Amino acid sequence: MKSLFKAGIVASALSVASVASASAGPVEDRKELMKAVVKSVKIAVPMAKGEVPFDAAVAAAAMQTINEVPDKFVKLFPAGSDKHEKTEASPKIWTDMKDFMAKAADLKAASKATKDAVGKGQDAFKAAVFGSLVKTCKGCHDTYRIKKEKKS
Ligand code: HEC
């Protein structure tokens with residue numbers, strides 16, 4: 001039962017590989033990628049806090065999922081896609097694409113560092129999750145995401 005549950009988590013954490021294959025459009029795809037990110041964060045944070053047992057394989061898989069997002073994510077912002085009715089992407093992305101891409105690179109680097117910390121144990125993992133990983137979300141969202149009232 002327990003191992004079945006774990007297998008489920010690993011499988012869903014790895015599902016990002018399939019995102020953007022059955023494509024509805026760049027806005028849908030970039031949202032799906034962000035959903036994969038938040039799903040992985042929701043696996044990592046309770047483990048970092050010690051609310052669920054630290055499992056190195058699951059934690060590493062979650063970080064790997066996040067690590068694969070930024071390169072794909074930044075390619076999903078064609079000009080004009082800030083006008084899509086469901087997007088929360090700020091027009092600022094297109095006026096400062098270089099900085100936006102740097103923020104994406106921050107997420108990639110932080111997820112890599114957090115994955116590397118997994119092997120050093122829960123304390124190191126916790127420090128990386130809270131000291132680095134989750135800060136990169138806000139670091140980008142503050143400028144480049146306009147949170148809407150109504151969620152899709
Ligand atoms: C490089 C910038 C960037 C980084 C870093 C980033 N995000 Fe995002 N995020 C965005 C943008 C832009 C959107 C809006 C996308 C859209 O609606 O088209 C978004 C949207 C989201 C959404 C809403 C998805 C939906 O269904 O509409 C979630 C959840 C999310 N991000 C979680 C996270 C988390 C958690 C992190 C950190 C681990 C993170 N993001 C890091 C740019 C970023």
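Counting begins at 1 with the first residue of the sequence. Since this is a predicted model, take the numbers as computed values, not measurements. Counting starts at 1 for both ligands and their atoms, following the listed order.
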Element-labelled atoms of ligand 1 that are located less than 4.0 Å from some non-hydrogen atom of [X]:
X      : value
Cys140 : 1 (C), 2 (C), 3 (C), 4 (C), 5 (C), 42 (C), 43 (C)
Cys137 : 34 (C), 35 (C), 36 (C), 37 (C), 38 (C), 39 (C), 41 (C)
Thr136 : 5 (C)
Ala104 : 1 (C)
Phe100 : 1 (C), 2 (C)
Tyr144 : 12 (C)

(message) One thing to verify: whether Lys35 and Glu32 come together as a salt bridge, which I'm taking to mean a side-chain N less than 4.0 angstrom from a carboxylate O.
(response)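 So Glu32 pairs with Lys35 through a salt bridge.
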
(request) May I ask you to decide whether Lys112 forms a salt bridge with Asp116, counting only side-chain N to carboxylate O separations under 4.0 Å? (result)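 Looking at Lys112 and Asp116, the cut-off is met.
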
(request) Taking all non-hydrogen atoms of both residues into account, name the closest pair between Thr87 and Asp82 and its distance. (result)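 Answer, listing the atom of Thr87 first, then Asp82: CG2-O, 3.4 Å.
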
(request) Taking all non-hydrogen atoms of both residues into account, name the closest pair between Pro53 and Met47 and its distance. (result)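 Nearest pair, atom of Pro53 first, then Met47: O-CG, 3.5 Å.
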
(request) Spell out, as yes or no, whether a donor-acceptor pair under 3.5 Å connects the side chain of Ser111 to the backbone of Lys108. (result)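 Checking the backbone N and O of Lys108 against the side chain of Ser111, a donor-acceptor pair under 3.5 Å is found.
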
Proximal candidate to [atom] [heavy atom criterion; set [options]]:
atom                    : options                      : value
atom 23 (C) of ligand 1 : Lys35, Lys31, Arg145         : Arg145
atom 6 (C) of ligand 1  : Met34, Lys103, Lys138, Arg30 : Met34
atom 40 (N) of ligand 1 : His84, His141, Lys147        : His141

(message) Heavy-atom distances under 4.0 Å decide this one: backbone, side chain, both or neither, for Phe73 against ligand 1?
(response)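 Answer for Phe73: side chain.
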
(message) Below a 4.0 angstrom heavy-atom separation, can you tell me which part of Thr87, side chain or backbone, both or neither, approaches ligand 1?
(response)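 Near ligand 1, Thr87 shows its backbone as well as its side chain.
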
(request) Assess Val134 for proximity to ligand 1: is some non-hydrogen atom of it under 4.0 Å away? (result)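 False for this residue.
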
(request) Compare all side-chain heavy atoms of Asn67 with those of Lys115 and state whether any distance is below 4.5 angstrom. (result)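 With C-beta onward as the side chain, the pair stays apart.
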
(request) State plainly whether one hydrophobic cluster holds both Ile66 and Tyr144, where clusters connect Ile, Leu, Val, Met, Phe, Trp and Tyr through side-chain heavy atoms under 4.5 angstrom apart. (result)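 Same hydrophobic cluster.
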
(request) Decide whether Phe125 and Leu107 are clustered together by the hydrophobic rule: side chain heavy atoms of Ile, Leu, Val, Met, Phe, Trp, Tyr closer than 4.5 Å, transitively. (result)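 Yes: a chain of side-chain contacts under 4.5 Å links Phe125 to Leu107.
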
